[in-house]
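Remarks on the structure that follows.
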Protein chains: 2
Amino acid sequence: MMLDTSFTSSASLHDGAPATLIETAYREIRRNIVLGVHAPGEKLRVEHLKTRYAVSSGTLREALALLVSDSLVVAQGQRGFTVAPMSVEDLEDLSYVRSLVECEAVRQSLIHGGDEWEGRLVSSFHRLSLAEERLGARTAEVYEEWERRNFEFHEALVSACASPRLIRLRATLHLQAERYRKLSALDGPRPRDVHNEHQQIVDHALARNADKLVEVLQKHVRRPVDVILRSNLLGTPNADKAA
Amino acid sequence: MMLDTSFTSSASLHDGAPATLIETAYREIRRNIVLGVHAPGEKLRVEHLKTRYAVSSGTLREALALLVSDSLVVAQGQRGFTVAPMSVEDLEDLSYVRSLVECEAVRQSLIHGGDEWEGRLVSSFHRLSLAEERLGARTAEVYEEWERRNFEFHEALVSACASPRLIRLRATLHLQAERYRKLSALDGPRPRDVHNEHQQIVDHALARNADKLVEVLQKHVRRPVDVILRSNLLGTPNADKAA
DNA sequence: TTACAAAAAAATCTCGAGAATTTATCGGCT
DNA sequence: AGCCGATAAATTCTCGAGATTTTTTTGTAA
């Protein structure tokens with residue numbers, strides 16, 4: 001059958017076998033959740049989605065189950081599936097855990113990384129920079145390509161970490177942050193700042209300066225929190241507390 | 001229908017709705033994987049398992065998908081499901097990540113924990129101690145009850161941590177370690193030592209001595225590694241290196 | 001004897017329909 | 001008017017059979 005998935009270079013989670021309908025549906029739904037087509041908190045009714053994604057209920061349920069393991073969908077027995085809600089609290093929590101995991105992974109990567117690792121890092125940074133220059137276009141395709149290369153850059157950064165678990169965990173958390181990142185990009189898109197941060201990351205990494213690197217990385221991870229808090233996107237529950 | 005699951009007090013993952021067949025199958029299979037009924041690396045053929053667990057293929061597939069998110073089962077598209085392999089490397093990796101997560105969660109718990117938290121901790125420790133005294137019996141029921149209370153104890157320890165994600169992550173990792181813990185219990189079961197460690201954990205926690213607590217906890221988490229390495233359980237790949 | 005290729009068997013993946021449960025609607029009562 | 005229970009609709013959960021793919025077996029040739 002071989003559906004055209006147009007996912008030739010996607011180095012994403014749960015890959016290795018993009019040939020099943022489950023996998024295809026999984027990716028498509030995940031993409032639509034990240035893009036906001038399926039809003040946070042929205043109920044994902046199997047009966048409706050099966051027509052949208054042109055698969056049977058069983059297939060769809062399995063795809064949704066995969067999304068549950070990514071924490072992008074929540075399932076409550078006998079009451080169906082729901083898009084994972086977004087909130088300031090969740091973003092805080094996510095950023096906190098990300099910071100913990102990402103920083104530790106980077107430290108390990110710095111210890112074990114050799115020449116090939118540096119090569120991968122520089123290479124992915126270069127490709128990311130190229131995508132950054134095209135961000136002015138503001139089309140969905142361009143943004144998604146940037147997002148993909150951003151993922152690959154951060155993956156390369158920790159790729160010398162000796163712990164497969166930590167690497168996988170980092171990837172999952174990175175994916176969860178994507179929705180928030182996209183939200184924060186709506187407000188103050190300062191690609192220049194982001195580029196500078198990435199540049200600093202590379203520099204400190206190549207200089208093997210772990211403490212400086214972690215410092216920048218922490219700020220980098222927390223950036224969406226600050227942006228979203230400041231712009232008051234997302235209903236801040238205690239926004240009226242200032243009164 | 002309401003099958004008798006005999007899981008009355010199980011405070012486990014993916015709970016909240018144990019009323020579906022998927023959930024029931026999920027728990028049963030998980031239990032059998034942890035108990036070693038389904039050996040590491042073993043292929044989980046849906047056609048065979050559907051008779052064993054008396055559910056249809058679709059239901060079984062969904063239950064297996066849930067186990068994939070627990071990292072107890074690995075799925076490779078178009079080639080079915082397999083019990084996650086066990087190895088010294090994996091144990092090292094798991095213990096490393098567990099140590100990272102568990103220690104951070106405990107530190108947070110120590111910061112935020114109040115009187116109710118101390119109450120939960122003392123209470124769960126007491127119940128765990130009671131179960132420890134019965135461990136001489138060496139029956140499966142007694143061991144499983146101990147394992148359950150051990151889980152609850154460690155959960156209570158981090159229960160004041162403000163990060164839901166970190167708490168859930170800890171629980172997942174704890175579950176993954178269960179197979180190795182059971183294996184290490186086969187060799188040198190020194191319940192007295194384990195009890196002492198738990199006692200120290202409680203003492204340092206109540207004394208709010210974070211550094212000491214983390215120190216003990218790290219040793220505690222790494223214990224199975226030492227035991228399994230020493231007894232040479234699991235095929236140590238370079239065991240013949242000593243020759 | 002070993003290697004290679006085609007056929008057979010087994011297993012997975014996929015589907016649509018039926019049973020059980022939850023949610024919404026409507027009528028009656030205080 | 002507002003609340004509560006019964007009926008109806010919608011949705012989820014579950015199943016077994018059929019289509020694809022993978023694995024094993026078998027036969028043939030070098």
Side-chain angles (χ1 to χ4, degrees), chain A residues 1-5 7 13-30 33 38-39 41-69 72-85, chain B residues 1-5 7 14-30 32-33 38-39 41-69 72-85:
Chain A
M1 186 186 283
M2 185 51 72
L3 301 177
D4 179 351
T5 55
F7 269 104
L13 261 55
H14 290 288
D15 57 5
T20 82
L21 283 186
I22 295 171
E23 202 74 13
T24 309
Y26 160 73
R27 295 194 182 190
E28 191 126 2
I29 300 172
R30 189 181 71 186
I33 289 177
H38 297 302
E42 178 185 320
K43 241 188 147 312
L44 293 172
R45 293 188 186 76
V46 176
E47 292 301 308
H48 295 181
L49 267 55
K50 66 189 290 190
T51 64
R52 193 185 212 296
Y53 293 101
V55 291
S56 80
S57 58
T59 303
L60 196 46
R61 285 179 65 77
E62 283 200 54
L64 289 172
L66 289 178
L67 286 163
V68 170
S69 71
L72 286 174
V73 166
V74 292
Q76 10 187 5
Q78 216 75 294
R79 233 169 292 161
F81 299 89
T82 308
V83 179
Chain B
M1 185 186 284
M2 186 50 73
L3 301 179
D4 174 24
T5 56
F7 268 103
H14 290 289
D15 56 5
T20 81
L21 283 186
I22 294 171
E23 201 75 14
T24 309
Y26 160 72
R27 295 195 180 189
E28 192 126 0
I29 299 172
R30 189 181 70 185
N32 281 335
I33 289 177
H38 297 303
E42 179 185 318
K43 235 182 153 321
L44 293 171
R45 292 186 187 78
V46 175
E47 292 302 306
H48 294 182
L49 267 54
K50 66 189 289 189
T51 64
R52 193 186 210 296
Y53 294 100
V55 291
S56 80
S57 58
T59 303
L60 196 45
R61 285 177 66 73
E62 283 200 54
L64 289 172
L66 289 178
L67 285 163
V68 170
S69 72
L72 286 174
V73 165
V74 291
Q76 11 187 3
Q78 215 75 297
R79 231 169 291 160
F81 300 89
T82 309
V83 179

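Letters A, B, ... mirror the listed sequences (proteins, then strands); counts begin at 1.
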> Which one, dT23(C), dT12(C), dC15(D), comes nearest to the side chain of Val46(B)?
Replying inline: dT12(C)
> Tell me: CG of Leu44(B) to C1' of dA11(C), nearest whole Å?
Replying inline: 13 Å
>> Once you apply a heavy-atom cut-off of 4.0 Å, does Gly80(B) come out as touching a base, just sugar-phosphate, or nothing?
In response: sugar-phosphate
> Which atom names give the shortest non-hydrogen contact between Ile29(B) and Ala63(B), and what distance separates them?
Replying inline: CD1-CB, 4.5 Å
> Side chain of Ser56(B): nearest nucleotide among dT14(C), dT22(D), dC15(D)?
Replying inline: dC15(D)
> Expressed in angstrom and rounded to an integer, what is the separation of Arg61(A) atom CZ from dC13(D) atom P?
Replying inline: 4 Å
>> Measure CZ/Phe81(B) against P/dT22(D) and give the value in whole Å, please.
In response: 15 Å
>> Distance check needed: dA10(C) C1' versus Gln78(B) CD, whole Å only.
In response: 14 Å
> Separation of Arg45(A) atom CZ from dA24(C) atom C1', in whole Å?
Replying inline: 12 Å
>> Could you check whether any side-chain heavy atom of Asn32(B) comes within less than 4.5 Å of a side-chain heavy atom of Glu28(B), counting everything from C-beta outward?
In response: yes
> Lys43(A) has an atom NZ; how far is it from atom C1' of dA10(D), in whole Å?
Replying inline: 11 Å
> Rounding to a whole Å, what distance do you find between Lys50(A):NZ and dT11(D):P?
Replying inline: 12 Å
> Can you name the nearest heavy-atom pair linking Val68(B) to Ala75(B), along with the distance?
Replying inline: CG2-CB, 4.0 Å
> For DNA chain D, whose closest nucleotide is more 5', that of Ile22(B) or that of Arg79(B)?
Replying inline: Ile22(B)
>> Any base atoms under 4.0 Å from Leu49(B), or only sugar-phosphate, or nothing? Heavy atoms, all strands.
In response: nothing
>> If you assign Gly58(A) and Ser57(B) each to the DNA chain D nucleotide with the nearest heavy atom, which residue ends up on the more 5' nucleotide?
In response: Gly58(A)
> How many Å lie between NE2 on His48(A) and C1' on dT12(D), as a whole number?
Replying inline: 12 Å
>> If you define the side chain from C-beta out and look only at heavy atoms, does anything of Thr24(B) sit under 4.5 Å from Val55(B)?
In response: no
> So, for Leu60(B) and Lys50(B), which heavy atoms are closest and what is the spacing to 0.1 Å?
Replying inline: CD2-N, 3.3 Å
